[in-house]
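I have placed the structure first, in the form of structure tokens, so that the comments after it can refer back to it.
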Amino acid sequence: DIQMTQSPSSLSASVGDRVTITCRASQSIATFLNWYQQKPGKAPKLLIFAASSLQSGVPSRFSGSGSGTDFTLTISSLQPEDFATYYCQQSYSNLQFSFGPGTKVEIK
Amino acid sequence: EVHLVESGGGLAQPGRSLRLSCAASGFTFDDYAVHWVRQPPGKGLEWVSSINWNSGSLAYGDSVKGRFTISRDNAKNSFFLQMNSLRPDDTAFYYCAKSGHSPQLVQGDWFDSWGQGTLVIVSS
């Protein structure tokens, strides 16, 4: 099975900061990597698919990059509504869509 | 607008069964694979199960394999998760989700729409 890790597990940042979250796969997954945002009490929301494609309606301050085993989600200028938990998900295996453990972005 | 609504959650005793439903609207249901994802309170997301458009391809996470069964009824725009032999560690919010682009279980898929979740508590 493909294992996903994320770093950091949490971070504190201020409005306007540039924030980078890293996701690593236990084996190469090409660009089969998705990113989701989840706010407390809400369902996850798709942000980025196929490592770098922005989902319709998602602000352009969100971007994704990477391939193989190492991926990043970047928020170019953190906004108040971006404080949430972010999860990566691999879709390299079509029979195991595993998620990373999450990164919580908190207000400094 | 895509809409997914889960139902069927609640309290169950260990070893008992529960059946979750997800009612879909706003898209051509049998054009897409669909999925279940769960989240224990205060913890991360865990993929549970997936089914392709015609029920010909099913997939399960290791922690539920042999106990849970996914199914769908395209005539009713609904899909289901039959959960048997429930354990306390099955306690979680259960979300249904829709494939981003494919009727099959394919490499490179994503989950582009989610329901609001239903809570399952397994406790004696």
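What you see below is based on every heavy atom in this structure, not just the backbone, and it leaves out hydrogens, waters and symmetry mates. We name chains A, B, ... by the order of the sequence lines, and we start the count at 1 in each one.
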Kindly compute the distance separating [atom1] ([X]) from [atom2] ([Y]), expressed to the nearest 0.5 Å.
{"X": "B:L45", "Y": "A:F97", "atom1": "CG", "atom2": "CZ", "answer": "14.5 Å"}
{"X": "B:S113", "Y": "A:L46", "atom1": "OG", "atom2": "CG", "answer": "8.5 Å"}
{"X": "B:W110", "Y": "A:Q55", "atom1": "CH2", "atom2": "CD", "answer": "8.0 Å"}
{"X": "B:L105", "Y": "A:S93", "atom1": "CG", "atom2": "OG", "answer": "10.0 Å"}
{"X": "B:Q107", "Y": "A:Y92", "atom1": "CD", "atom2": "OH", "answer": "6.0 Å"}
{"X": "A:Q38", "Y": "B:Q39", "atom1": "CD", "atom2": "CD", "answer": "4.0 Å"}

Side chain, backbone, both or neither: which part of [X] has a non-hydrogen atom closer than 4.5 Å to chain A?
{"X": "B:F111", "result": "both"}
{"X": "B:V48", "result": "neither"}
{"X": "B:Y60", "result": "backbone"}

So which part of A:Y87 gets closer than 4.5 Å to some heavy atom of chain B, the side chain, the backbone, both or neither?
side chain
Using heavy-atom distances under 4.5 Å, tell me whether A:Q90 contacts chain B through its side chain, its backbone, both, or neither.
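Contact with chain B involves no heavy atom of A:Q90 at all.
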State, to 0.1 Å, how close A:A43 and B:W114 come at their nearest heavy-atom pair, and which atoms those are.
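Taking every non-hydrogen atom into account, CB-CB, 3.9 Å.
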Ignoring hydrogens, what is the shortest heavy-atom contact between A:L95 and B:W47? Give both atom names and the distance.
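Closest pair (atom of A:L95, atom of B:W47, distance): O-CH2, 3.2 Å.
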4.5 Å side-chain heavy-atom contact, B:D62 and A:Q96
yes
Please check if the side chain of A:N34 supplies one atom and the backbone of B:D109 the other of a donor-acceptor pair under 3.5 Å.
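Yes.
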If you draw a 6.0 Å radius around CZ in A:R24, do more than 12 non-hydrogen atoms from other residues or ligands fall strictly inside?
no
